[in-house]
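These notes are about the structure you will find just below.
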Amino acid sequence: MTRVGKVERTTKESSIRVEVDLDGTGQVEVDTGVPFYDHMLNSFGVHGSLDLRIEARGDVHIDAHHTVEDTAIVLGRAIRDALGDKSGIRRFGDAWIPMDETLAHAAIDVSGRPYCVQLGEPEEFNTFTIGGNYPFVLTKHVFESLSFHAQLALHVRVLHGRDPHHIAEAQYKAVARALRAATEPDPRVGGVPSTKGVL
């Protein structure tokens, strides 16, 4: 059984194509036109052991917001499609990620009920733009869009950190590792891991 999702979405603000293989080996090709976001998505694919291809073109001449948000929407939909009926997965996963002075934690329930809680980013960086192209505040927006469209309950916390780059990257890596754990096959589960029978 292959667990691959392919989704394309075109609006007046962006054109996005995403292909994701949940059982990949971390082979990643990403081009969004937003260099720091490419770096984050590359980390997301590598540390999630996802084979991930993303081609995105958006109105980055305005700013990165539309392209970053729309890419997260399409990535979420592709992950949801790849999961199918969710038979045999672990469903729950979490990960602690240290990155030098930063520590982040993510927990995921592949519940089919979208919810996102993100806490702990230092407010003094809310107007900071990482690398001159990625507003710091967009990380929360990415996780909100991803959790809604992949239908995940996602909790992300930054315990501490002082470098905006490290704070963002530790969160992307934590979410990737938690997603990998939650979506991996569990040989002890014979069907959908829910008392309801569906997720």
Side-chain angles (χ1 to χ4, degrees), residues 2-24 28-34 37-38 40-45 47-60 64-87 89-95 106-119 134-135 137-156 168 171-184 192-194 196 198-199:
T2 60
R3 300 194 302 164
V4 176
K6 299 178 183 178
V7 177
E8 295 186 36
R9 179 178 184 263
T10 297
T11 71
K12 292 181 179 178
E13 296 170 342
S14 68
S15 179
I16 316 287
R17 182 179 184 277
V18 172
E19 180 176 341
V20 60
D21 183 347
L22 297 177
D23 302 306
V28 180
E29 296 177 27
V30 175
D31 182 7
T32 68
V34 182
Y37 194 35
D38 288 354
M40 294 300 97
L41 292 170
N42 189 61
S43 287
F44 184 79
H47 294 286
S49 287
L50 307 170
D51 286 349
L52 182 61
R53 292 183 182 171
I54 297 177
E55 298 172 15
R57 290 293 173 266
D59 52 4
V60 293
H65 186 105
H66 296 147
T67 302
V68 170
E69 175 187 39
D70 292 353
T71 299
I73 289 170
V74 179
L75 176 58
R77 289 179 181 174
I79 290 170
R80 185 187 64 199
D81 286 354
L83 282 166
D85 69 359
K86 304 166 189 169
S87 292
I89 65 169
R90 297 188 187 280
R91 179 178 167 177
F92 301 98
D94 80 306
I108 286 177
D109 177 6
V110 188
S111 61
R113 298 189 303 277
Y115 208 97
C116 182
V117 176
Q118 190 226 30
L119 301 170
Y134 179 92
V137 294
L138 284 183
T139 300
K140 181 175 185 177
H141 200 41
V142 167
F143 294 145
E144 290 171 338
S145 298
L146 182 72
S147 63
F148 185 85
H149 290 279
Q151 298 185 345
L152 308 170
L154 170 63
H155 292 244
V156 189
Q171 290 180 86
Y172 275 92
K173 288 177 176 177
V175 172
R177 281 285 183 168
L179 181 68
R180 174 180 172 180
T183 60
E184 281 181 338
V192 177
S194 169
K196 298 181 179 67
V198 296
L199 287 173

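Being a predicted model, the structure only gives us computed values, none of them experimental.
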Can you name the nearest heavy-atom pair linking I89 to P193, along with the distance?
O-CG, 3.4 Å
The reported gap from CZ in R53 to CG in L41 (rounded to nearest 0.5 angstrom) is 15.5 Å
Apply side chain to side chain contact (heavy atoms under 4.5 Å, CB included) to the pair R77 and R9, showing each step before the final yes or no.
CA-CA 10 Å; R77 289 179 181 174; R9 179 178 184 263; 3.7 Å; yes
Looking at side-chain heavy atoms only, is the closest gap between D21 and T2 below 4.5 Å?
no
Say you draw a straight line from CD of E13 to CG of D70; how long is it, rounded to the nearest 0.5 Å?
6.5 Å
Would you say Y134 and T139 are linked by a side-chain donor-acceptor pair, where the criterion is simply a distance under 3.5 Å?
yes
Taking the side chain as C-beta and beyond, is there a heavy-atom pair between V34 and V60 under 4.5 Å?
yes
I want to check something: taking the side chain as every heavy atom from C-beta on, are V68 and H141 in contact at a cut-off of under 4.5 Å?
no
Atom CD1 of I108 and atom CG of L152: how far apart are they, to the nearest 0.5 Å?
5.5 Å
Identify the two heavy atoms, one from G93 and one from A182, that lie closest to each other, and give their separation to 0.1 Å.
N-CB, 3.6 Å
Is there a side-chain contact between K6 and D81 in this structure, where contact means two heavy atoms from C-beta onward sitting under 4.5 Å apart?
no
In terms of heavy-atom contacts, does CZ of R3 have more than 12 from other residues, nucleotides or ligands at under 6.0 Å?
yes
Would a 4.5 Å heavy-atom cut-off, applied to side chains only, mark Y115 and D109 as touching?
no
Taking every heavy atom of A72 against every heavy atom of S145, the minimum-distance pair comes out as CB-CB, 3.8 Å
Intermediate values then yes/no, side chain to side chain contact (heavy atoms under 4.5 Å, CB included), K86 and V198
CA-CA 8 Å; K86 304 166 189 169; V198 296; over 6 Å; no
Give, for atom CG of D31 and atom CZ of R17, the distance between the pair rounded to the nearest 0.5 Å.
13.0 Å
Side chain to side chain contact (heavy atoms under 4.5 Å, CB included) between L146 and I79, worked out
CA-CA 9 Å; L146 182 72; I79 290 170; 4.0 Å; yes
Apply side chain to side chain contact (heavy atoms under 4.5 Å, CB included) to residues L52 and V18 and explain how you reach the verdict.
CA-CA 7 Å; L52 182 61; V18 172; 4.2 Å; yes
Any chance you could measure E19, atom CD, to E8, atom CD, to the nearest 0.5 Å?
10.0 Å
Least distance between heavy atoms, T67 atom then A56 atom
CG2-CB, 4.3 Å
Do L75 and F44 come close enough that some side-chain heavy atom pair is under 4.5 Å?
yes
Taking all non-hydrogen atoms of both residues, which atom of R180 and which atom of E184 are closest, and how far apart?
O-CG, 2.9 Å
Which atom names give the shortest non-hydrogen contact between S15 and T10, and what distance separates them?
OG-OG1, 3.2 Å
Rounded to the nearest 0.5 Å, what separation is found between the CE atom of M40 and the CG atom of D38?
10.0 Å
If we only count heavy atoms from C-beta on, is the Q118 to E144 side-chain gap below 4.5 Å?
no
Would you call V30 and T71 a side-chain contact if the rule is heavy atoms closer than 4.5 Å?
no
